[in-house]
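What's counted below: heavy atoms across the whole structure, side chains too, no hydrogens, waters or symmetry copies. To find a chain, count down the sequence lines: A is the first, B the second, and so on, and within it residues start at 1.
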Amino acid sequence: MTTSTAEVGKRPASAGRPERGAHAARGRKVPGWVPDLAWKLLRLVISIWAVLTLTFLMIQFIPGDPVRLALGPDAPASLVEERRHQLGLDQPLVAQYLDYWGRMLTGDFGDSLLSQQPVSLLVEARIANTATIVALSLLAISVVSILGGLLVGIATHRGRRPLLGTGFTLATGIAAALPDFLVAVGLVFLFAVTFTIFPVAGASSAASFVLPTLAITLGSAATMMRVVRSSTAVVLDQDYMLVARAKRLPSTRVYLRHGLPNLLTAALTLGGLQLGTVVTGTIVVENVFAIPGLGTALVQALTTRDYPVVQTIMVLLASAVLVLNLLIDVALGALDPRSKRQRG
Amino acid sequence: MRRQLRTVFSTVTGSVAAVLLLLLVLLAIVGPIVWSAKANAIDVAKAWLPPSGEHWFGTDELGRDMFARSLVATRLSLLSAVAASGIAIVVGVPIGLLAALFGPRLTSAFQSVVNVAIAFPALLTAMFVGTVIGIGVPGAVLGVGIALAPMFARLTQTLTASVVSLDYVAAARTMGVPLHKLVGRHILANVAEPLVITATTSVGTSLLGISALSFLGLGARPPQYDWGGLLSTGLKAIYTSPLAAIGPGALIALSGIVFSLLGEVIAGAFGDSQAGRRFGRVARAMARRSSKATLPPSDVLLDVANLRVGFPSEAGSFPPCGVSRCGSPPASGSASWASPAPARA
């Protein structure tokens, strides 16, 4: 009973007295979540500013003449000079920086050094494939890990079905240890050579997204499933679960209404850390399955030193990770008021 | 150390991981010496051959033997992984130490930066560094090293913060131990175990990261080759000779698993419980301190019942203070056995 009384005791305290912006809350009766959200948004803005500044400085950091490096030693000096001008490298640093901001904020990402096409066209053509893979993977990871972890957690609670428990630990351990590019290659092997159900290259149909999603999902879902299973074991032992059972609630209600929200916090916290893996997973997986997305464009631009493309895609992917992280953070705060106090 | 080695070998997992590691290291040393000639023998007439008795993994686009190349690549793959972990430690640990040692304001600034850095995708960081210093093995190694550094920084900061408030550090400080000695002997020595465990697993992480970069063509470039590069070569021939991709892929997976197993086993050898795993010696030292009364007599180095320590002054000595309860610097300074680390020496 101790835990639940502690929770009851804690809750009003945290709701009435958020760590930051306490003055605002006292003065004008601003709801407790407002300063919290404002703080998180501020952090997001600062992070995105850092990403933009670093990608801007990337070209400046390159030793020697970056344009000469990109075009090769055989390029005529006039072309190098023209591209330098196009990149704005002949301007003073501050002017370049301000110009970079102005362009990034208006969605004008400059022109590709190679094709001379606007980078925004490239992004428009390719972002849908990448976004689809990321969204599908996130969905698959959440559904598989939460449902699978919960079911296995219930089934093996307190040492029941030891065979299932050991098998689960072994299987998820192996799946979590395999990096996405190996899983992807393995899937290509399986589905190109043995079973030919799904296409292994290109993005011509909806079926093309099955294997890439699977390759990203496997490792992250295995890691998350382990966490969900172990927090299920903890939650099932809580007194409120005993009370729910004692009230003879149907077991779906016991597990979904009383159990699930309490295990989501651990899963979501870890999920935030997995986001980066998922988003960069698309870079790798798109290249294995030859899907025309941002990841394939990024790798190609990196090998050809096409700086405007590299900068734009890096900013986009990094911002995606940061924004998704914020969403998880907000969801976590809404789900579990206690977490606000610890995280601040 | 010997006791811990014995513990490592006493478990099945430990022996398997240790033997596999030994094999990998042996392969890294011997591989390039023995198989280099075969790995670099170009025979275009034999390009893209499927696996056979002569070429176990088949051949690549220039007719070179993929099996020999996989064995030779062990050295570059392992060395670059170890180098990347080394960079991560050299960059991360001092930052974590600084953040923990110098004031709460630095700590909170550090935490907000590191929390973002850790959530930031490592592959993007590595690609960023690769762009700046150029695509190749050094770029990939430095990139992965810097991408992993925040993890070490945070671990070091957390561990150091838990040690820095202990009595023996305060004692060493008041005794005027110079900072470098304080850090080396009193702090690092006591947080070394979790760091060693993380360093071991991070070799595996680096290996996978560098392999991914090489696989994408952003790491080792011809004429250099590592397992990641071979994997992408093999992928081109997956329809005709799948072993050309599966071979290097299996080696990558195997080494990744060996290092993470090794980390787990070392963690098990250092401390059995979850708490012991985290804080190893510190936790044991604290437990020892709190249960001093139950220590067997042979373990006691110094037993003081009525120790009186004070500053000489006109009004007599300062109020005395028992060692057992009070961690006042002069008292614990004179009884420096409270420090678990130097007591061994």
**OP:** Go through the atoms of A:T277 and report whether side chain, backbone, both or neither lie under 4.5 Å from a heavy atom of chain B.
**Re:** neither

Subject >> Heavy-atom pair count under 4.5 Å with chain B, highest-scoring of A:V310, A:D180, A:I62 >> reply: A:I62

Original post:
Do you know which of B:S260, B:G249, B:G228 has the most heavy-atom pairs under 4.5 Å to chain A?
Top reply: B:G249

**OP:** Please determine, among A:I283, A:L178, A:L275, A:V279, the option with the most heavy-atom pairs under 4.5 Å with chain B.
**Re:** A:I283

Subject >> Residues in residues 47-55 of chain A that sit under 4.5 Å from chain B, counting heavy atoms only >> reply: A:S47, A:V51, A:L54, A:T55

Original post:
Given that the side chain runs from C-beta out, which part of B:S211 has a heavy atom under 4.5 Å from chain A: side chain, backbone, both or neither?
Top reply: both

Subject >> Segment of A:L322 engaging chain B (4.5 angstrom heavy-atom cut-off) >> reply: side chain

Original post:
Heavy-atom count around A:Q300 CD within 6.0 Å, excluding the residue itself: above 12?
Top reply: no

In a table with atom names and distances, give each donor-acceptor pair under 3.5 Å that connects a side chain of residues 123-152 of chain B to protein atoms at least two apart or in another chain.
residue: B:T125; atom: OG1; partner: B:P121; partner atom: O; Å: 3.2
residue: B:T131; atom: OG1; partner: B:M127; partner atom: O; Å: 2.7

Subject >> Contact origin within A:L182 toward chain B - heavy atom pairs under 4.5 Å >> reply: side chain

Subject >> Beyond-backbone contact of A:V288 with B:F215, side-chain heavy atoms, under 4.5 angstrom >> reply: yes

Original post:
Looking only at heavy atoms, which two atoms of A:V299 and B:L216 are closest? And how far apart?
Top reply: CG1-O, 3.4 Å

Original post:
What's the shortest heavy-atom distance between A:A177 and B:L208, and which atoms?
Top reply: O-CD1, 4.1 Å

